[in-house]
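Notes for the one structure printed next.
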Amino acid sequence: MMIPPNNDQIHAQDRMIREAERLRITSISRSQAYQLEKLGRFPKRVRLGNRSVGWRLSELMFWVSAGGQISEQPEFEGDMNEN
């Protein structure tokens with residue numbers, strides 16, 4: 001099991017990625033990234049200014065290396081086969 005980067009030293013040396021580069025790295029649309037982020041399945045954006053956001057390169061690279069998965073998965077109640 002891979003452990004996501006969560007070390008202050010890594011983040012202190014980490015490069016921030018803007019939207020265009022995020023798209024090239026992850027190959028998913030802006031809206032899909034936003035939906036996955038809301039579900040806890042994509043790295044959270046970091047506010048860089050009033051109208052700009054970015055992502056930590058280490059978190060995006062971990063997401064890609066983990067096959068596009070982050071540890072939190074949506075929980076479903078009940079059996080999905082119930083009718």
For residues 46-54, which side-chain N or O atoms pair as donor and acceptor with protein atoms under 3.5 Å away, sequence neighbours left out?
| unit_1 | atom_1 | unit_2 | atom_2 | d |
| --- | --- | --- | --- | --- |
| Arg47 | NH1 | Gly49 | O | 3.2 |
| Arg47 | NH1 | Asn50 | O | 3.3 |
| Ser52 | OG | Gly49 | N | 3.4 |

Quiz item: What are the two closest non-hydrogen atoms of Leu60 and Ile25, and how far apart are they?
Solution: CB-CG2, 4.4 Å

Practice problem: Grab the two heavy atoms, one from Arg41 and one from Trp63, that are nearest each other, plus how far apart they are. | Solution: O-NE1, 2.9 Å

Self-check item: side-chain hydrogen bond (donor to acceptor under 3.5 Å, both in side chains) partners of Arg22, counting only residues at least two apart
Solution: Glu19, Thr26

Quiz prompt | Separation of Ile17 CD1 from Leu57 CG (nearest 0.5 Å) | solution = 4.5 Å

List, one per line, each side-chain donor-acceptor pair under 3.5 Å for residues 29-36, sequence neighbours excluded.
| unit_1 | atom_1 | unit_2 | atom_2 | d |
| --- | --- | --- | --- | --- |
| Ser29 | OG | Ser31 | OG | 3.3 |
| Ser29 | OG | Gln32 | N | 3.1 |

Quiz prompt | NZ on Lys44 to CZ on Arg56, rounded to 0.5 Å | solution = 11.5 Å

